[in-house]
Structure formats: C-alpha cells, structure tokens
Amino acid sequence: MNYEILSGFILATAALAISPGPDNIFVLTQSISNGIKYGLSTTAGLVTGCIIHTALLAFGVSALIKENDQVFLIIKVFGALYLFYLAYKVYKDKRHITLTNTKVPKKSLSQLFRQGFIMNVLNPKVTVFFLAFFPGFLFSKDLSTVVQFFVLGILFMIVTILVFSSIAVLSGSIASEIKKHSGIEIFLKWLQIVVFCGIGIYLLISNK
C-alpha cells in the first residue's frame, strides 16, 4: 500500500470538502437558518449517498481498467480534463456566494436526511466526479481495484462528514466572517479554481 497516495487523497478530499459548493452551502444554510442538528442531518444524508456512487464506480470501472493500462490512462486524462472544466466553469460563473439569515423552509431531521441522500444519489455529476477523481489515487498493486475503490470511498465519506459537520457546528461564525469581508467571495471562488486545477495536474503527473 502506498500511504503517500492515500495521504494525498485525504488532503485533496479535505480541500474539496472545504471549497464552497452546492452541498456544503446547503449544509451551511440549514444550520444558519434552523440549527446545528439540521445541518448535521443534511450532512449525513449527503454523505450516505456516496456509498451508491462508490459501488457503481468500484464494480463498473474496475472491470475496465483491470490489466489495461491504456484504458486507465484514458480515464486519468478524462478526469484531469473534467476537473479543469469544473475550474473553468467556476471562473466564468458570475454568481456570488451569498449567505443570509433568511429563513429557509424547515423540515424534519428525517426529511433533511432523505433530501440530502436523494440529492446526492440522483446527481449524475457526482458519479462523473468520482470517475474523474478516484482512479488517479489507486494505491496498491496487490489489492483488487474493487477493494481500493471502496477504501477510497470510505475515506472520502469520513473526511467529508468531518468537514461538513464542522461547517454545520461553526456555521454562525463562518457566516459572520463572510459578511465582514467584502473580498471573501472572490477568495472562495479562486479557492475552488485552485483546488480543481491542482488535483487535475496531480492526476496527469501521477503514476499508476
């Protein structure tokens, strides 16, 4: 097992989880408007949905890349290009990240868990992102790719739930800081761009 690759995966996942996106903004707004436990419930639903995407990736892609370096290379290049595309989309997006204390519709904890789960599972962009992200971090020549994808999926879920839960708990402080600094929106935008481009470059230069 290559623990350097696993460490890199954990750091990349943490950077992605911290970078503002639809999921953590949704967690944040629920926590600000309705309370910490509602943000945590949303987090649990979103992260649980990752199990489905991990399984699809593990059993679908593993058969393709097994003993086939050319297919593996194509997937890695696709992954890098997709991440560069995401960075470009963020760069071109004129919308600003806005957080207010405006009341959002309040749902029960179970409803928020279910909504988070469905949001994740039914979002094809998550499957595409996993396909772009995970293959570049396969970490062992001895373990089957199925096992490796599930290990990466579990690590992804653990890191994401820790980061999203922290966002839910600290949402009040985060929101107030965002409101204090007028330039924070530009910083958050470029943070996303740097994270996507950085991981894309890593995928291109990393070895199997």
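When reading the values below, keep in mind they use all heavy atoms of this one structure, side chains included, and skip hydrogens, waters and symmetry mates. Small disclaimer: the values here were computed from a predicted structure and weren't measured. Position 1 is the first residue of the sequence, and the numbers go up from there.
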Original post:
Should side-chain heavy atoms under 4.5 Å link Ile, Leu, Val, Met, Phe, Trp and Tyr, which residues sit in the same cluster as Val121?
Top reply: Ile52, Leu56, Phe117, Ile118, Leu122

**OP:** Could I get the full list of side-chain hydrogen bond (donor to acceptor under 3.5 Å, both in side chains) partners for Gln115, not counting sequence neighbours?
**Re:** Lys107

Original post:
Mind checking what makes side chain to side chain contact (heavy atoms under 4.5 Å, CB included) contact with Phe113, not counting sequence neighbours?
Top reply: Ser41, Ala44, Thr48

Subject >> Residues that Lys37 engages under side chain to side chain contact (heavy atoms under 4.5 Å, CB included), provided they are two or more places apart >> reply: Leu109

**OP:** List in chain and number order the residues that pass side chain to side chain contact (heavy atoms under 4.5 Å, CB included) with Ala132, two or more places apart in sequence or in another chain; answer none if no residue qualifies.
**Re:** Phe78, Tyr82

Subject >> All side-chain hydrogen bond (donor to acceptor under 3.5 Å, both in side chains) counterparts of Ser140, not counting sequence neighbours >> reply: none

Original post:
Does the separation of the ring centres of Phe130 and Phe149 fall below 6.0 angstrom?
Top reply: no

Original post:
Given a cutoff of under 4.5 Å between side-chain heavy atoms of I, L, V, M, F, W and Y, with clusters grown through shared members, what are the other residues clustered with Ile161?
Top reply: Val47, Ile51, Ile154, Met157, Ile158, Leu162

Original post:
With sequence neighbours excluded, what pairs up with Ser108 under the side chain to side chain contact (heavy atoms under 4.5 Å, CB included) test?
Top reply: Ser110, Gln111

May I have the list of side-chain donor-acceptor pairs in residues 3-22 shorter than 3.5 Å, sequence neighbours left out?
residue : atom : partner : partner atom : Å
Ser7    : OG   : Tyr3    : O            : 2.8
Thr13   : OG1  : Phe9    : O            : 2.8
Ser19   : OG   : Ala15   : O            : 2.8

Original post:
So which pairs with a foot in residues 15-34 pass ring-ring contact (aromatic ring centres under 6.0 Å, His included), sequence neighbours left out?
Top reply: none

Original post:
Can we call the ring centroids of Phe133 and Phe137 under 6.0 Å apart?
Top reply: yes

Subject >> Inter- and intrachain pairs under side chain to side chain donor-acceptor pair (under 3.5 Å), touching residues 118-131, at least two apart >> reply: His53-Asn120, His53-Thr127

